[in-house]
Amino acid sequence: MGKVSVSMLSADFGHLAQSCQMVNESAAWGFHLDIMDGVFVPNISYGFPIIEAIALYAKKPLDAHLMTVEPWRYYERYKKIGIDWLTVHYEACPHLNRDLQEIRRLGMKAGVSINPATPVSVLEQAVYYADLVLIMSVNPGFGGQAFIESSYEKIEQLCRMREEKNLRFLIQVDGGVNDSRAEILYEKGADILVAGSYVFSAKDPAAAILTIS
Ligand code: DX5
Ligand code: ZN
């Protein structure tokens, strides 16, 4: 089917090394790191010390999703820690072109994300500078929320845009992903699915990853 990026937000932080090892040995493509500042979203997740700890154990791509205002203040720091894919929110960046170019200049893959109520059409220009587009299929801020059904339509629209413009950015979908939705999401055009609670609430997280890979 496709690639899975495991959201570490739902991992057991008391046993972070084991969770990282599970992801390393699983079918997952990478580690999805949800960074929340309590301003852009109504929640605070974790910051640099935890990201550094994950980076120490991770042997797969580090895919960071910044749900923060003024994300540009820390691009260099993310690069230093070893982030490979850095995704910022369209809603947080008034100068998105500059942000995406700066992320690329620092040697990371540049991603842009849109909230559920933001239409795909606002990305008409940004997609020229993006390596990844992340469609939020829940309102950002919390794991374990229900998938918003209108996200399917947005994946199709984005796929059409990618084809028409002959671009190669990857399409990532984040929020409410589970085994009943994975196949259709890949069919609609998603390349990478993010999953947190579905993976970590399973008795066998590695087996759960396989069911959505
Ligand atoms: C939500 C985060 C997601 C979240 C996904 O703000 O961006 O990555 O952790 O969690 P689940 O898979 O539980 O919906
Ligand atoms: Zn995320």
Side-chain angles (χ1 to χ4, degrees), residues 1-7 9-10 28-30 32-36 40-43 63-68 71 85-94 96-97 99-100 103 109-199 201 208-209 211-213:
M1 292 195 286
K3 296 181 169 76
V4 173
S5 198
V6 176
S7 168
L9 190 62
S10 300
W29 165 80
H32 185 81
L33 307 179
D34 288 302
I35 326 285
M36 306 177 184
F40 182 69
V41 289
N43 194 15
D63 153 36
H65 173 196
L66 305 187
M67 286 159 276
T68 67
W85 295 72
L86 194 64
T87 297
V88 296
H89 264 264
Y90 161 83
E91 298 86 355
C93 298
L96 191 52
N97 173 295
D99 288 88
L100 296 174
I103 292 169
K109 299 283 186 193
V112 55
S113 179
I114 49 172
N115 282 334
T118 303
V120 166
S121 58
V122 299
L123 297 177
E124 283 279 354
Q125 292 304 311
V127 286
Y128 292 113
Y129 320 100
D131 300 297
L132 179 145
V133 175
L134 166 52
I135 298 204
M136 283 309 299
S137 43
V138 298
N139 282 295
F142 304 92
Q145 303 179 79
F147 183 87
I148 296 173
E149 298 289 323
S150 53
S151 311
Y152 289 124
E153 186 188 336
K154 292 171 80 173
I155 300 167
E156 288 171 343
Q157 289 168 349
L158 191 56
C159 245
R160 231 173 292 134
M161 191 189 281
R162 179 168 65 177
E163 251 176 62
E164 280 165 16
K165 295 180 184 286
N166 201 16
L167 293 170
R168 283 179 194 188
F169 58 83
L170 297 181
I171 299 177
Q172 189 176 56
V173 179
D174 184 4
V177 169
N178 58 30
D179 56 343
S180 70
R181 280 202 184 82
E183 200 171 344
I184 174 133
L185 287 167
Y186 290 128
E187 261 171 40
K188 297 267 180 201
D191 300 295
I192 305 173
L193 300 184
V194 175
S197 55
Y198 173 69
V199 169
S201 67
I209 293 169
T211 66
I212 54 171
S213 295

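The neighbour count for E163 CD, taken as heavy atoms of other residues, nucleotides or ligands under 6.0 Å away, does not exceed 12. Within a 6.0 Å radius of OH in Y90, no more than 12 heavy atoms belonging to other residues, nucleotides or ligands are found.
Between atom SG of residue C159 and atom NZ of residue K188 there is a gap of 10.5 Å, rounded to the nearest 0.5 Å. Taken to the nearest 0.5 Å, the CD1 atom of I155 stands 10.5 Å off from the CD atom of E153. Atoms OG and CG, from S151 and L185 in turn, are 8.5 Å apart once rounded to the nearest 0.5 Å. In this structure, OH in Y198 is found 8.5 Å from OG in S180, a value given to the nearest 0.5 Å. To the nearest 0.5 angstrom, L100 atom CG is 7.5 Å from C93 atom SG. To the nearest 0.5 Å, atoms CG (L193) and CD1 (I171) are separated by 11.0 Å.
A donor-acceptor pair under 3.5 Å is absent between the side-chain atoms of T118 and the main chain of I114, judged by distance alone. Under a 3.5 Å cut-off, the side chain of N115 and the backbone N or O of A117 do not form any donor-acceptor pair. When atom types are taken as modelled, the side chain of D131 and the backbone of F169 share no donor-acceptor pair closer than 3.5 angstrom. A distance-only check finds a donor-acceptor pair linking the side chain of S113 to the backbone of L134 [under 3.5 Å]. Of the possible donor and acceptor atoms, one in the side chain of Q145 sits under 3.5 Å from a partner among the backbone N and O of N139.
In this structure, L132 and T87 have side chains that are in contact, with non-hydrogen atoms separated by less than 4.5 Å. Taking the side chain as every heavy atom from C-beta outward, M161 and E156 never approach each other to under 4.5 Å. Residues V173 and I192 have side chains not in contact (no heavy-atom distance under 4.5 Å, counting atoms from C-beta outward). Side-chain contact between F142 and N43 is present, with heavy atoms from C-beta onward closer than 4.5 Å. Contact of the R181 side chain with the I212 side chain is not registered, since no non-hydrogen atoms from C-beta on lie closer than 4.5 Å. In this structure, the side chains of L9 and M36 come closer than 4.5 Å at one or more pairs of heavy atoms.
The shortest heavy-atom contact between S10 and S197 is OG-N, 3.4 Å. The two residues S5 and D63 come nearest to each other via the heavy atoms OG-OD2, 2.7 Å. Residues G141 and M67 approach most closely at N-SD, 4.2 Å, considering heavy atoms. Scanning both residues, A28 and I209, for their nearest heavy atoms gives N-CG2, 3.6 Å.
Annotation: ring pair (Phe, Tyr, Trp, His ring centres under 6.0 Å) contacts of F40 (sequence neighbours excluded): H89.
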Could you walk me through whether H65 and I35 satisfy the side chain to side chain contact (heavy atoms under 4.5 Å, CB included) test, starting with their C-alpha distance in whole Å, then the side-chain angles of each, then the deciding distance to 0.1 Å, before giving a yes or no?
CA-CA 6 Å; H65 173 196; I35 326 285; over 6 Å; no
Step-by-step side chain to side chain contact (heavy atoms under 4.5 Å, CB included) determination, N178 to T211:
CA-CA 9 Å; N178 58 30; T211 66; over 6 Å; no
For V138 and M136, run side chain to side chain contact (heavy atoms under 4.5 Å, CB included): C-alpha distance rounded to whole Å, both residues' side-chain angles, the deciding distance at 0.1 Å, then the answer.
CA-CA 5 Å; V138 298; M136 283 309 299; 4.0 Å; yes
Check against side chain to side chain contact (heavy atoms under 4.5 Å, CB included), K3 and D191:
CA-CA 6 Å; K3 296 181 169 76; D191 300 295; 5.8 Å; no
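Neither side chain, Y152 nor S137, offers a donor N or O lying under 3.5 Å from an acceptor on the other. Under the 3.5 Å distance criterion, with hydrogens and angles disregarded, a donor-acceptor pair is assigned to the side chains of D34 and H32.
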Going by atom type alone, with no hydrogens or angles, which donor-acceptor pairs under 3.5 Å involve a side-chain atom of residues 119-129 and a protein atom two or more places apart or on another chain?
| residue | atom | partner | partner atom | Å |
| --- | --- | --- | --- | --- |
| E124 | OE1 | K165 | NZ | 3.0 |
| Y128 | OH | K165 | NZ | 3.1 |
| Y129 | OH | N97 | ND2 | 3.3 |

